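See below for the structure under consideration.
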Amino acid sequence: MIDETEALRAVIEAGSEAPIIFTTGYTCRRALSIQDSPNHFYMAGSMGLASSIGTGLAHSLPELQVIVVDGDGSFLMNPSNTVMIRAQGITNLHHVVLDNRHYASTGNQPTTSSHVDFTAAAHALGYEDTTEATSVSHLTERLTAAVKNHTAGSTFSYCPVTSNGDAPGGRLEQPLHDMHRRFRHWLSTAAVSRN
Amino acid sequence: MDSILQTPSRTRASDIAHFFDQNGYGPFLGVPCGILAPLFEELQGTAHGFTYSPREDNAIAMACGALTAGRRPVAVMQNSGLAQSVNALASLAIPYRFPLAMVISLRGVAPDHTAENQVMGAVTQPLLDSLGIPYRVLQPETYHQSLQWLHTTVTGTDAGPAAVLIEPAFFEWSPTT
């Protein structure tokens, strides 16, 4: 099984030129500790809404390929957003779900993810291209193709992961509105350079 | 003034949609409400159309995504949807300072005496006060000024979300509707 930190590192490396929305909890903190970057949006709260932010962004800037990193708990909290992908004809959103089977940041309580077929659910709700990533290199291949716009449309990558017990890293110290401003500025530059 | 007082709901809805359109707003996102039905119809008729989402907090977060891209979205919902969206506002839109324009109906305010809407009707304004979200209640005589206030507020430096509220009578909603 894929190590959680290695999966996040693969997302960050493959998505170095793409906006990436990280879900709340240890996903944000691990991503921040691996590498902070202005193309990252750390969604510190609002659990379940990372893919909604990504959808709004992807729809507004179709020339960019947008990556969303969810956990199993946050995806299951709000799968309803997934219906917007097909409904809005969004072809540039790439959704990664890292499933560690637990609510890690609140004390490792179990989620219900073992009862869910994530790729089937994502396909039924709107993603044409869904797969289970079987290795870090598989995930890297998927996201590299996505960022280079070599996929036919939006993609969903389900990754069962384990944690090696590493500390998740610190919380974002920068004020949230400053991080938001930095992300907006990066987006405006990225969008211009592609026009 | 008389002619303005007698403005039918269709004209008010058209004025609001026109105001947003003329000031560069869009996309328009949210979940329907009977009180706001004329406004949804007018917004559907704009170049942006209307994006109906499964839940109001989805719409708010999608609007936040559109704001990062430099767009000027408007989130439109019933006050029950505001209740659904408290966390999206409290932990996303407000602390990240997303200058989101919102239009929120006031179910549970006279003449809407439906039991299931009374609680939210009573707490909508106190809730917005507690969240620190500024708002105006649209009135037939002054709604143009209130829309201008909304525009000035969300386009200000470091602005967060702001709202206009719409009572049932504004679009001539009645219990028999």
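Since the model is a prediction, treat every value here as computed from it, not as a measurement. Here is how names work: the chains are called A, B, and so on, in the same order as the sequence lines, proteins then strands, and each is numbered from 1.
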What pairs of donor and acceptor atoms, side-chain ones from residues 21-33 of chain B against any protein atom, are under 3.5 angstrom apart with sequence neighbours left out?
| residue | atom | partner | partner atom | Å |
| --- | --- | --- | --- | --- |
| Asn23(B) | ND2 | Phe19(B) | O | 2.9 |
| Tyr25(B) | OH | His151(B) | ND1 | 2.8 |

Could you see if [X] belongs to whatever hydrophobic cluster contains [Y]? Use Ile, Leu, Val, Met, Phe, Trp, Tyr and a side-chain cutoff under 4.5 Å.
X         : Y         : answer
Phe156(A) : Met62(B)  : no
Ile2(A)   : Leu8(A)   : yes
Val136(A) : Met1(A)   : no
Val119(B) : Leu165(B) : no
Leu150(B) : Leu36(B)  : yes

If you count heavy-atom pairs within less than 4.5 Å of chain A, which of Asp158(B), Asn87(B), Thr68(B) leads? Thr68(B)
Under a 4.5 Å heavy-atom cutoff, which of Leu187(A), Leu61(A), Thr55(A), Asn78(A) has the most pairs with chain B?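 Looking at each option in turn, the highest pair count goes to Asn78(A).
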Side chain, backbone, both or neither: which part of [X] has a non-hydrogen atom closer than 4.5 Å to chain A?
X        : value
Arg71(B) : side chain
Ala88(B) : both
Phe98(B) : both

Please flag which part of Ser188(A) lies under 4.5 Å from any non-hydrogen atom of chain B: side chain, backbone, both or neither. neither
Kindly compute the distance separating CG (Asn58(B)) from CD1 (Ile53(A)), expressed to the nearest 0.5 Å. 11.0 Å
Considering heavy atoms only, which positions within [range] lie below 4.5 Å of chain B?
range                       : value
residues 44-52 of chain A   : Ala44(A), Gly45(A), Ser46(A), Met47(A), Leu49(A), Ser52(A)
residues 166-181 of chain A : Leu176(A), His177(A), Met179(A), His180(A), Arg181(A)
residues 116-135 of chain A : none

Tightest non-hydrogen contact, residues Met84(A) and Ser53(B), listed as SD-CA, 3.9 Å
Residue pair Val83(A) / Pro54(B): nearest heavy atoms and the distance that separates them: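 For Val83(A) and Pro54(B), the tightest heavy-atom pair comes out as CG2-CG, 3.5 Å.
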More than 12 foreign heavy atoms under 6.0 Å from NE2 of His18(B): is that the case here?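 Atom NE2 in His18(B) is not crowded, with 12 or fewer foreign heavy atoms closer than 6.0 Å.
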